[in-house]
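Below: one structure, written as structure tokens.
Numbering of ligands and ligand atoms starts at 1, following listing order.
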Amino acid sequence: MTTTELTGAEDVAWDLSDLYESGDDPRIEQDVQGADAAAAEFRERYYGRVAQLSAGELVEAIDERERIESIFTRAIYYAHLWFSTDMADSPRGALLARLTEKGAVLDTQLLFFGLELADLDDAVADAFLADLALERWRHWLRSVRKFRPYILTEPEEKIITEKSVSGVSAWDRLYDELLGAVRVDFDGNDVSFEEAMAKLHSGDRDERRRASEAVTVALEPGLRTRTFIFNTIVLDKSVDDRLRGYETWISARNLRNDTTDEAVQALIDATVARYDVVQRYYRLKARLIGLDRLSFYDRMAPIGEDPTKSSWDEARQIVVDAYGDFSGDVGDIVQRFFRESWIDAPVRENKRPGAFCATNVPGVHPYVFMNFTGDRRSVLTLAHELGHGLHGYLAEPLGLFNANTPLTTAETASVFGEALTFKRLLAIEEDPARRLNLLAGRIEDSIATVFRQISMNRFEDVVHTARREEGELSMEKLEELWLETQTRMFGDSVDVEGYGAWWSYIPHFMGSPGYVYAYAYGFLFALSIFRKYELEGDAMVEPYLDVLRSGGSKPPEELAKLVGLDLTDPSIWESGIDAFAAELDEAEALAADIGLGS
Ligand SMILES: [Zn+2]
């Protein structure tokens, strides 16, 4: 990897010494051994005895269980972070591998505790839940027990778990291996699937078309096998759901996400009802790139060149100002990430690609990881990860278990922070063409995160339903259902000729059925809070920060109430979508102004 342009981020490296001095700091080994010994002691003390504990003793046990996990989490976080900045350095890889194995051993030691809690009689559990001593652990305890109505007997569970290795997990792995082996013949060159897909971002339409045709050809040979694998996984899930008594194909996922079938249905209905936003945008985009109509392979095409680059200092200023305008205290917290070296920013050789935030580092502060290039996306990524950082920072006092958020609310602060920063970027950009570019990027992000995920959820929904009602689905049938659900979103704004087999490269459908809607859920949840902030101003600051300070100690429905929102009310999801529609209005007006729009 080479960096041609300097951004000023070259020396912005994080300081991991708040965790450990270095990879051979003897305290790492001490912590690992300490966690190990404490886990053995914990097992000795509580195994088979959880049902007999008093409320006070149970509090003590959960505290200890959390303490053990916190010690170990700190060590393994360090290993992850240290490895991320130089993946070619073998001591780093070795430490991470060793601790990962150690973690699995620890998990096995401690597994009984959750199982015994889940197994408590309702009367015993209700008494615990009613006890004031356990107030701090009430939500956690409910989460541990929420699968109880769907758990089978112990011998049945044992058989399911052991057979799944040669059953559903094996099918999923076969799928991954087959997909991983797909090569694409692009203009006579043998390229990876990712490389071919990346060409859909090309500014040259003919190149995009050739790439899409090459991908379609490459997907063809294994299609019958992938169809069979998908059918098998969907059947396996229907058997599992039936035996366990889940009401719908998505119910188990909703439960895991800490949300309800009603809230998810409200989200889906609200999004599907506004597919017109997608259609309007793609019509605008066709005009902006000089086409009568987009083909499916044009959706990622760039709209002109955006030469705007920010140095690291400029990016820092924009992001800190955006957060600081929202609340001075929040601005101060965000400043600390920069001042105290909690961020690793530059593109560096052997560094992991992408960006993330290590949110709940026990006893310490979060760390932000990214590859800063100076383009617009990079500035928004910085804002996004700092949102996670703020969330983790504010929730940290709750401790590891209560700070941890489910997928559905994990993106609240990141999306919110990105929205704040986007508004700021827009406010300081006067050039109409660059404003249009900024808006288009924002709308495309929204389409990818919200509408596309919901349209994929609609595909999963018809597939799981049809498989249950009609039996095995043919290749042609899957293609038909895919095109139907996608065309419902695109209307006539996108030509889907050649798109039929493209359902078959999306790994979530196989590995995590029902997963995809959570992206839309998290995004719209955060945006509806943001909309409320725009309307009500400073009055929303403290309630919003209360949501962040609550971490994962409450279910999303209760978090929403803190900011006066009701997740089963479709209008909350609609208000997030209205925000995109408003951005689209402005983009259309700008396009008309600069003579591109009509
Ligand atoms: Zn995120």
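- Side-chain rings of Tyr297 and Trp502 stay apart, their centers remaining 6.0 Å or farther from each other.
- Under 4.0 Å is where a charged nitrogen must lie from a carboxylate oxygen, and between Arg348 and Asp86 no such pair does.
- At least one donor-acceptor pair under 3.5 Å links the side chain of Asp375 to the backbone N or O of Ser378.
- Between Asp325 and Arg424 a salt bridge is recorded (basic side-chain N to carboxylate O distance below 4.0 Å).
- Around the Zn ion (ligand 1), protein N, O or S atoms at a distance under 2.8 Å total 4; waters are neither shown nor counted.
- In this structure, a donor-acceptor pair under 3.5 Å is absent between the side chains of Tyr533 and Asp538.
- If you run side-chain hydrogen bond (donor to acceptor under 3.5 Å, both in side chains) between Asp276 and each of Arg280, Arg274, Gln279, only Arg274 comes through.
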